[in-house]
Amino acid sequence: MWEKIKDFASTFFVTGDPLIYGADVAIVLTTFAIIFVLTYYKKWGWLWREWLTTVDHKKIGIMYLIASLLMLFRGGVDALLMRLQLALPEMHFLHSEHYNAIFTTHGTIMILFMAMPMMFALFNIVVPLQIGARDVAYPFLNALSFWLFFFGALLFNISFVIGGSPDSGWLAYPPLSELSHSPGVGQNFYIWGIQISGIGSLATGINFLVTILKMRAPGMKLMDMPMFTWSVLATCILIIFAFPILTVTLGLLFVDRFFGGHFFTMDGGGNPMMYVNLIWMWGHPEVYIVILPAFGIFSEIVSTFSRKKIFGYKSMVFAMMIISVLAFFTWVHHFFTMGAGADVNAFFAVTTMAIAIPTGVKVFNWLFTMFRGRIQLKQPMLWTLAFIPCFAVGGATGVMLAVAPADYQYHNSYFLIAHFHQVLIGGVVFGYLAGIYYWWPKMFGFKLDERLGKWGFWLWNIGFYVCFMPQYALGFMGMTRRVYTYGWDLGWAPLNFTSTVGAFLMGAGFVFQIWQIAYSIKHGERDRTGDPWNGRTLEWSIPSPAPHYNFAVIPQVKGPDAWWEMKKEMQQDGTKKKPVQLKPIHMPKNSGIPFIMSVFWFIAGFGFTFSWVWMAVFGLIGVGICLLARSFQYDTDYYIPVKEIERTEKALGRAV
Amino acid sequence: MRKPRLLRCIQLIIMAAFAIIVLAGCENQFLVLEPRGPVAETQYQLIVVSAILCAIVVIPVIILTVFVVYRYRDRPGNKAPYKPEWAHNTLLEVVWWGIPVVIIALLGFYTVKATFALPKPPAPTAIKVQVTSLDWKWLFIYPEQKIATVNYAPIPAGVPVQFEVTSDAPMNSFWVPQLGGQVYTMPGMAMRLWLQADQPGEYFGQGANFTGKGFAHMQFKVVAKSQAEFDKWANQIKKTAPELTMDGYRNLAKPGLADVMSFSSYPEGLFEYIVNKNGGPNHKHHSNNHGTGHETEKHDMSGMHKHH
Amino acid sequence: MEHAASHHKHHHDDHHDQESLKTLGFWIFLVTDCILFGTLFATYVVLRTNTAGGPVGKEIFDVAGFVAETFILLTSSFTSGLAVLAMHKGKIKELITWLIVTALLGLAFIGLEINEFYHMVMEGATISTSAFLSAFFTLVGTHGLHVSFGLIWMIAIMIQLGRHGINPVTSRKVYNICLYWHFLDVVWIFLFTVVYLMGVM
Ligand code: HEM
Ligand SMILES: [Cu+2]
């Protein structure tokens with residue numbers, strides 16, 4: 001019996017590595033600490049009522065934000081470990097198995113569990129406020145999306161200490177990811193972690209599309225919407241068309257691994273190339289899913305901090321729409337070298353390059369928004385200005401990669417790695433950080449400290465170039481991605497070492513940002529006006545942080561830059577607003593079902609991962625019961641009485 | 001607002017320092033930029049052309065960014081015009097939709113031309129080499145010489161060589177940067193790639209697509225020799241090297257690393273057998289990499305026997 | 001008094017808006033489900049001929065069986081339409097009756113499909129026999145799972161109709177389940193053509 005238990009434990013828990021024991025200890029200690037603090041301060045009820053069951057988009061946004069920053073940390077540690085291993089030739093810091101697991105989790109986490117939730121954080125916090133709505137279209141579903149993401153990410157992350165991490169790359173090409181070559185449970189963690197959170201992402205896509213289409217304040221026409229809202233609209237369309245493909249692709253891989261199917265196996269008539277096609281039919285749109293909201297953020301910031309209307313609004317919208325359509329017709333550029341034939345390659349090379357056109361147009365529009373403006377170099381603007389040259393270069397190397405015959409030389413090399421990090425860090429990460437700095441006062445009611453922020457900014461920026469410019473060169477030297485070590489004779493050492501230094505500079509930048517947050521909680525400049533940047537869009541018309549019903553009175557919109565125009569009008573009419581009649585506000589009730597249902601999904605995913613059918617079935621039944629329970633719930637909303645609204649508004653310093 | 005500018009300078013200096021490191025380390029190591037055969041040469045030219053075309057947009061953008069930020073900063077006494085409502089100008093917008101369109105059209109033209117041209121070798125290929133990626137080593141079969149090697153591949157210099165690549169393990173990618181770009185090696189498919197080394201020499205090659213534990217060690221040398229040298233070498237192998245039996249192949253195919261090896265013979269039809277057993281018949285219609293290939297002949301397993 | 005009336009109307013509008021909002025969301029969900037099935041169909045078409053020495057469609061598809069399944073599902077789609085008509089007329093008994101008929105037909109469909117799968121597996125044609133069969137079972141099985149899910153949902157809605165009668169919430173639910181049912185019917189028509197008819201031809 002004892003032997004059996006020991007046997008089980010030694011395969012169930014990942015063993016044999018100090019890093020992992022360290023992680024085990026850290027996890028146990030943190031868990032205990034959290035439990036202790038919550039119990040000691042009697043905060044369990046508060047946690048449940050205020051956070052775990054909330055359907056308030058602002059709180060959900062904040063939870064997304066916290067989770068994504070944690071994931072940025074984990075993904076960043078992965079990155080630094082990899083860079084350490086590659087700093088010098090023939091290092092013995094990581095074994096190949098560890099290195100392979102680390103780059104796999106790094107890529108997956110950064111895209112799916114860092115970029116996506118950070119993006120959803122901003123969707124949640126900003127979109128309803130920008131369009132003058134009191135919540136999203138489906139607040140319950142919104143909470144469910146978050147918890148699905150959360151438990152999906154949790155499932156993926158525990159593979160580090162339980163069962164073993166996936167190690168066949170962030171897109172898990174078969175047959176390497178098939179049972180034949182990856183017999184461990186790591187690959188199952190990958191499938192179920194992504195699958196569960198993917199369902200949540202899909203639901204968010206639907207949710208925000210309907211929100212934007214149907215919940216805009218009266219008078220706000222589509223062509224009056226703020227650019228960020230437009231970018232979210234475009235992204236939602238991409239999500240709706242792309243994510244089902246991911247669901248199916250992972251599902252098929254699961255059928256192969258769990259039921260012995262032959263979709264992508266080497267034997268039984270399987271076709272691994274089909275997987276490569278399918279995963280990129282999702283994967284390419286996915287990279288645009290994460291970049292488009294960043295474009296939207298930059299548009300808001302450029303206009304606000306140049307004190308000027310966005311230049312070429314129609315062009316901007318049009319460009320974004322072209323990008324979202326073209327994004328579905330370029331996927332083959334990820335495998336020009338898979339032998340599709342000259343005609344196919346030529347077609348996809350041209351469509352890929354074509355995407356650069358609307359992208360370039362946007363850059364010019366941003367530049368000309370600043371042109372004849374008055375540029376204030378506040379933190380959000382700094383990140384935006386760092387983005388423009390960085391992204392221009394990243395886009396250019398993208399176009400170089402799109403030259404199909406030349407891609408035969410870049411493909412799978414560090415040139416490719418440098419390209420996508422340049423667009424993902426220089427575009428997505430800089431963009432979301434800019435957005436976080438910009439909307440931080442709206443979320444929390446205070447600004448982030450400028451001085452510490454500048455340190456973070458410059459370390460990130462310098463670190464970025466030091467890290468990734470050498471990687472372009474390494475690509476030309478023939479260094480392929482995903483090698484865990486290399487020889488002294490290849491001449492790759494100096495540039496790799498430099499690159500590692502750059503990575504650590506970025507790591508230091510991140511540390512400064514965490515410090516900045518901690519520091520600003522105490523000392524940050526409070527925002528009492530609700531409009532700290534002299535903003536142009538509706539989210540700045542309400543107090544910071546916004547009351548839970550957002551708008552005491554839904555604003556009447558007359559055109560783009562609604563708040564800017566209102567401010568002008570108020571100046572002309574004198575500062576007095578006409579008194580308005582408050583009405584009771586209709587709000588959704590909190591619900592514990594999203595949380596509980598996601599726990600059941602987690603249980604099901606865990607069961608499938610270990611092929612414990614009883615557990616999987618139990619989890620799925622739980623999910624079903626939760627769905628039914630929700631279906632039978634009729635009392636799901638309530639009204640906030642006028643008295644209470646008056647009280648809240650007074651407390652926020654707003655006379656109504 | 002002084003500090004950011006100072007830091008920007010520092011950033012520039014660091015980048016310049018990079019350029020120097022990059023240029024200084026430049027002896028024979030930027031393999032992609034030092035082509036030694038016509039395929040790599042064409043690709044190199046495309047790289048240069050595309051880089052220049054991109055630079056035509058990117059450099060002005062960067063300069064414009066710096067200029068705009070400098071001129072329109074919000075500081076007291078800035079005399080630059082301020083037009084907060086100026087948000088549209090058809091001419092300007094036509095210009096910046098137009099320029100990228102022209103550039104992409106140009107680049108697209110070169111790309112399409114090269115995409116269709118590259119697959120066809122200028123002269124009939126002189127020799128065929130069948131390449132199989134295994135976990136984690138490379139097997140090269142010379143069907144005309146009836147010999148085989150592992151992890152190194154001599155070829156005659158100055159003539160186009162027809163490579164046929166497949167995999168008896170997860171998908172890898174066959175890449176010899178100085179001779180030309182890579183193609184995937186896929187189980188069940190025989191993809192064709194022609195390369196040529198203009199001069200005798202040793203060329204670094206490696207697997208470029210991740211295949212697991214031993215992936216980083218999948219490096220090999222392509223050794224170009226004069227035709228006479230090559231023939232001499234082939235004869236030498238034929239006389240002295242051991243033979244590769246079917247069992248020998250099965251052992252070789254097991255996951256693990258391998259040294260450089262040579263074989264005086266191999267089981268006849270080995271390559272076709274490998275392609276077929278991994279689903280070759282299913283993928284027939286795909287097996288024309290580069291648009292020129294023809295299908296691998298199918299060999300009946302039962303007809304397999306050792307070649308002497 | 002006037003205030004109270006307007007207040008009441010306000011509530012009512014809110015509800016109405018919310019229900020139409022949910023229906024719109026459901027339509028978009030169906031779009032995503034369309035893409036899901038589209039991907040599965042594409043996979044099936046690619047792998048259709050990869051039988052790896054295992055049986056081909058002709059050998060395992062039972063014409064009488066799949067024709068019966070088609071007939072039953074089409075009929076159930078029709079009866080679900082009748083249910084919606086009854087709902088618009090406000091006839092709750094008729095509505096529930098038609099839903100019951102629809103559900104019974106759906107159940108029969110599932111029964112036949114399980115029977116079909118059972119026989120195939122008994123003949124040695126399983127999901128792990130060949131790529132073709134993996135694709136077949138996954139595609140048809142996914143549709144079957146959708147139908148089964150729809151059945152449970154439909155029963156839940158019937159119970160709710162019994163409790164609450166026809167109101168904006170329940171009628172939105174009836175409308176959506178019937179939409180879902182028609183959708184599955186359309187998917188089945190594609191299945192019938194692409195998988196079964198082309199398989200036996
Ligand atoms: C100007 C527009 C862009 C063009 C023309 C472009 C082109 C390309 C091409 C041709 C590849 C494939 C190269 C290869 O595998 O050999 C590629 C890879 C990639 N690109 Fe881009 N790209 C662009 C923008 C972006 C953006 C905005 C993002 C993300 C925010 C992005 C993220 C990626 C990623 C993640 C990969 C590689 C993923 C992998 O192989 O693991 N790209 N790009
Ligand atoms: Cu792409």
Side-chain angles (χ1 to χ4, degrees), chain A residues 96-97 169 175-176 181 266 269 307-309 311-312 315 337-339 341-342 345-346 349-350 353-354 357 360-361 363-364 367 370-377 385 388-389 392-393 396 399-400 403-406 408-409 411-412 458 462 465 469 473 476-478 480 482-485 491 494, chain B residues 1 7 11 15 18 22 25 29-33 43 46-47 50 54 58 61-62 64-65 68-69 72-74 81-87 93 96-97 100-101 104 107-108 111-112 114-116 118-119 170 173 177 181-184 187 191 208-213 216 278-279 282 289 291:
Chain A
S96 100
E97 281 106 326
L176 186 62
H181 291 87
M266 281 165 75
R307 299 269 164 278
K308 190 159 162 281
K309 262 193 185 155
F311 197 90
S315 249
T337 60
M338 214 168 68
N345 278 1
V350 172
M353 292 176 193
I357 299 170
V361 166
V363 172
F364 283 112
L367 284 177
M370 294 191 280
F371 188 77
R372 299 185 177 163
R374 278 292 174 270
I375 302 168
Q376 294 177 315
L377 293 176
L385 291 176
I388 290 177
V393 174
V399 172
M400 290 171 71
V403 179
Y408 282 49
Q409 289 282 31
H411 187 51
N412 281 329
W458 286 107
I462 296 168
Y465 289 100
M469 294 303 115
F476 285 137
M477 296 173 104
T480 48
R482 294 173 177 172
V483 290
Y484 77 99
T485 189
Chain B
M1 285 298 105
L7 285 168
Q11 194 177 348
M15 280 173 69
F18 259 126
V22 167
Q29 304 207 302
F30 288 87
L31 304 178
V32 173
L33 306 181
Q43 288 164 337
L46 276 171
I47 291 173
S50 60
C54 287
V58 170
V61 162
I62 293 174
L64 194 62
T65 311
V68 167
V69 173
Y72 295 101
R73 261 182 323 158
D74 184 28
Y82 172 50
K83 300 203 171 156
E85 298 295 318
W86 184 67
E93 297 220 34
W96 62 63
W97 276 94
V101 168
I104 295 300
L107 189 58
T111 303
V112 172
T115 309
F116 280 95
L118 255 191
S173 190
Q182 64 200 282
V183 293
Y184 277 135
M191 299 242 296
N209 190 62
F210 177 63
T211 48
K213 192 175 168 201
N278 292 322
N282 295 324
N289 146 257

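Hydrogens, waters and symmetry mates are skipped; everything else that's a heavy atom, side chains included, is used. Residue numbering restarts at 1 for every chain, and letters A, B, ... go by the order of the sequence lines.
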**Report entry** All ring pair (Phe, Tyr, Trp, His ring centres under 6.0 Å) counterparts of Phe364(A), not counting sequence neighbours
**Finding:**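 Scan of Phe364(A) (ring pair (Phe, Tyr, Trp, His ring centres under 6.0 Å), adjacent residues dropped) gives Trp96(B).
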Using a cut-off of under 4.5 Å for heavy-atom pairs, which of [options] has the most such pairs with chain B?
options	result
Ala392(A), Gly360(A), Gly169(A), Ala404(A)	Ala392(A)
Pro405(A), Ser96(A), Ala349(A)	Pro405(A)
Met266(A), Arg372(A), Met370(A), Lys309(A)	Arg372(A)
Ala396(A), Pro175(A), Ala346(A), Gly373(A)	Gly373(A)
Val393(A), Leu367(A), Val350(A), Val399(A)	Leu367(A)
Val483(A), Asn345(A), Asn412(A)	Asn412(A)

Requested in this report: Counting only heavy atoms closer than 4.5 Å, note whether Val361(A) contacts chain B via side chain, backbone, both or neither.
Outcome: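 Both backbone and side chain of Val361(A) come within 4.5 Å of chain B.
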Report task. Below 4.5 Å from any heavy atom of chain B, which atoms of His181(A) appear? Answer side chain, backbone, both or neither. Result ->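 Interface part for His181(A): side chain.
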Report task. Check each atom of Glu93(B) against the heavy atoms of chain A and say whether the ones under 4.5 Å are side chain, backbone, both or neither. Result ->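 Answer is side chain: those atoms of Glu93(B) sit under 4.5 Å from chain A.
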Query raised in the report: With only heavy atoms counted, which part of Thr211(B) is less than 4.5 Å from chain A, the side chain, the backbone, both or neither?
Result: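 Backbone only.
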Requested in this report: Begin with the C-alpha distance, continue with both residues' side-chain angles, and end with the deciding distance and a verdict on side chain to side chain contact (heavy atoms under 4.5 Å, CB included) for Tyr82(B) and Tyr72(B).
Outcome: CA-CA 8 Å; Tyr82(B) 172 50; Tyr72(B) 295 101; over 6 Å; no
Query raised in the report: How long is the gap from CD1 on Ile388(A) to CD1 on Ile62(B), to the nearest 0.5 Å?
Result: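 Atom-to-atom, Ile388(A):CD1 and Ile62(B):CD1 are 10.5 Å apart.
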Query raised in the report: Nearest 0.5 Å, what's the OH-OG1 distance between Tyr408(A) and Thr337(A)?
Result: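 Reported value, rounded in 0.5 Å steps: 6.5 Å.
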Report task. Specify which of Ala87(B), Ala216(B), Pro100(B) makes the most heavy-atom pairs with chain A at under 4.5 Å. Result ->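 If we count pairs closer than 4.5 Å to chain A, Ala87(B) comes out on top.
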**Report entry** chain A interface, residue from Pro177(B), Ser173(B), Gly108(B) that has the most non-hydrogen pairs under 4.5 Å
**Finding:**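 Answer, by heavy-atom pair count under 4.5 Å with chain A: Pro177(B).
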**Report entry** Side-chain donor or acceptor of Lys308(A) paired with backbone N/O of Arg374(A) under 3.5 Å
**Finding:**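 Not confirmed, Lys308(A) side chain does not pair with Arg374(A) backbone.
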Report task. Please check if the side chain of Gln43(B) supplies one atom and the backbone of Ala406(A) the other of a donor-acceptor pair under 3.5 Å. Result ->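 No, because the side chain of Gln43(B) does not come within donor-acceptor range (under 3.5 Å) of the backbone of Ala406(A).
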Query raised in the report: Who passes side-chain contact (heavy atoms from CB on, under 4.5 Å) against Ala354(A), sequence neighbours left out?
Result: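 Residues passing side-chain contact (heavy atoms from CB on, under 4.5 Å) with Ala354(A): Leu326(A).
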Query raised in the report: Cut-off 3.5 Å, side chains only: do Arg307(A) and Gln376(A) have a donor facing an acceptor?
Result: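 Yes.
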